[in-house]
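Data first, discussion second: the structure below is written as structure tokens.
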Amino acid sequence: MTDDFRVTRTDAEWRAMLTPEQYDVLRGHGTERPSSCALNHEERAGTFHCVGCGQPLFRSLEKFESGTGWPSFFDPIEGAVDTSRDASWGMIRTEVHCSACGGHLGHVFEDGPPPTNLRYCINGVALDFKPKA
């Protein structure tokens with residue numbers, strides 16, 4: 001993962017604009033409790049944006065119920081996310097982060113539905129939902 005992002009802020013600026021839970025997830029690579037975010041049940045047409053910078057990340061058409069307790073998507077908006085290797089917690093996973101600000105969003109797994117067979121397992125507190133007008 002590169003540190004050269006289009007949107008940058010100081011740590012103090014991130015802390016001032018995000019809730020403690022958002023900061024822990026987005027900047028500290030934390031994970032929200034499963035089934036704790038209302039966005040897991042969001043079913044309206046619209047777009048999910050990065051709560052840190054506002055970049056559109058996922059469309060509601062690519063959201064599905066994975067049964068994991070976190071919002072899951074099978075495909076991001078092109079160019080919206082980047083990935084990196086995550087060796088924390090004694091396992092190797094693929095971390096997903098916002099390509100604009102580098103904020104940690106969650107992880108991607110290869111057990112999703114067609115056509116991509118991917119499951120982007122995303123922390124709801126890292127997202128801001130904007131319904132389609």
Side-chain angles (χ1 to χ4, degrees):
M1 184 168 100
T2 179
D3 289 333
D4 186 24
F5 297 106
R6 193 171 67 249
V7 176
T8 58
R9 294 184 173 87
T10 66
D11 187 62
E13 290 171 327
W14 285 117
R15 287 182 185 275
M17 71 171 286
L18 300 171
T19 68
E21 187 178 25
Q22 289 170 330
Y23 179 87
D24 178 57
V25 170
L26 229 61
R27 308 315 304 170
H29 300 260
T31 301
E32 69 189 3
R33 286 184 350 270
S35 303
S36 65
C37 182
L39 290 183
N40 191 42
H41 306 289
E42 181 59 65
E43 295 181 1
R44 294 176 291 172
T47 307
F48 295 84
H49 296 249
C50 175
V51 75
C53 69
Q55 174 168 261
L57 301 170
F58 299 95
R59 288 179 288 271
S60 59
L61 292 173
E62 284 80 32
K63 184 175 183 288
F64 69 98
E65 176 53 55
S66 65
T68 61
W70 290 279
S72 296
F73 305 87
F74 61 81
D75 205 15
I77 293 172
E78 187 173 344
V81 303
D82 286 327
T83 60
S84 59
R85 184 177 185 263
D86 178 0
S88 64
W89 297 95
M91 63 183 99
I92 304 297
R93 299 178 290 174
T94 303
E95 177 186 352
V96 177
H97 54 89
C98 174
S99 65
C101 71
H104 171 76
L105 302 171
H107 293 86
V108 61
F109 303 95
E110 296 179 349
D111 60 359
T116 66
N117 297 315
L118 297 175
R119 173 175 52 95
Y120 288 82
C121 188
I122 306 299
N123 289 284
V125 296
L127 302 173
D128 180 31
F129 179 72
K130 295 184 180 178
K132 188 174 182 177

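Just so it is clear, the values below take in all heavy atoms, side chains as well, and ignore hydrogens, waters and symmetry mates.
Within the 4.5 Å cutoff, no side-chain heavy atoms of Val125 are placed close to those of Val51. Side chains of Arg27 and Cys101 form a contact here, defined as non-hydrogen atoms less than 4.5 Å apart.
Residues Asn40 and Pro71 come closest through the heavy atom pair OD1-N, 3.1 Å. Closest approach of Asn123 to Thr31, counting heavy atoms only: OD1-CA, 3.5 Å.
Taking Cys37 as the reference, Glu32, Leu39 meet the side-chain contact (heavy atoms from CB on, under 4.5 Å) condition, with sequence neighbours excluded. Every residue was checked against the side-chain contact (heavy atoms from CB on, under 4.5 Å) condition with Ala133, not counting sequence neighbours, and none meets it. Among residues two or more places apart in sequence or in another chain, the side-chain contact (heavy atoms from CB on, under 4.5 Å) test is passed with Pro113 by Phe64, Phe74. In this structure, the side-chain hydrogen bond (donor to acceptor under 3.5 Å, both in side chains) partners of Thr68, at least two apart in sequence or on a different chain, are Ser66. Qualifying ring pair (Phe, Tyr, Trp, His ring centres under 6.0 Å) partners for Phe58, counting only residues two or more places apart in sequence or in other chains: Phe73, Tyr120.
Here SG of Cys50 is found 5.0 Å from CG of Leu26. Values are rounded to the nearest 0.5 Å. Interatomic distance, OG of Ser84 versus NE2 of His29, reported as 7.5 Å (0.5 Å rounding). Summarising the geometry, atom OG belonging to Ser35 is positioned 6.0 Å from atom NE2 belonging to His41; distances are rounded to the nearest 0.5 Å. Separation of atoms CG (Asp128) and CG (Leu57) is listed at 10.0 Å; rounding is to 0.5 Å. How far NZ of Lys63 is from CG of Leu127: 9.5 Å, rounded to the nearest 0.5 Å.
Residues in residues 102-119 take part in these side chain to side chain donor-acceptor pair (under 3.5 Å) pairs, two or more places apart or across chains: Asp86-His107, Glu95-His104, Asp111-Arg119. Pairs engaging residues 43-59 under the side chain to side chain donor-acceptor pair (under 3.5 Å) rule: Arg6-Gln55, Glu42-Arg44, Gln55-Ser99, Arg59-Glu62 [sequence neighbours left out]. Residue pairs satisfying the side chain to side chain donor-acceptor pair (under 3.5 Å) criterion with at least one member in residues 17-26, sequence neighbours excluded, are listed as follows: Asp11-Tyr23, Arg15-Tyr23, Thr19-Gln22.
Linking Ile, Leu, Val, Met, Phe, Trp and Tyr whenever their side-chain heavy atoms come within less than 4.5 Å puts Val81 and Phe48 in one cluster. Under the 4.5 Å side-chain heavy-atom criterion for grouping Ile, Leu, Val, Met, Phe, Trp and Tyr, Leu118 is not connected to Ile77 through any hydrophobic cluster. Note on Val25 and Val108: separate hydrophobic clusters, where clusters join Ile, Leu, Val, Met, Phe, Trp and Tyr whose side-chain heavy atoms are under 4.5 Å apart, directly or indirectly.
Connectivity analysis of hydrophobic side chains (ILVMFWY, heavy atoms under 4.5 Å, direct or indirect) links Trp70 to nothing; its cluster partners are none. Hydrophobic clustering, defined by side-chain heavy atoms of Ile, Leu, Val, Met, Phe, Trp and Tyr closer than 4.5 Å, leaves Val7 isolated from every other such residue.
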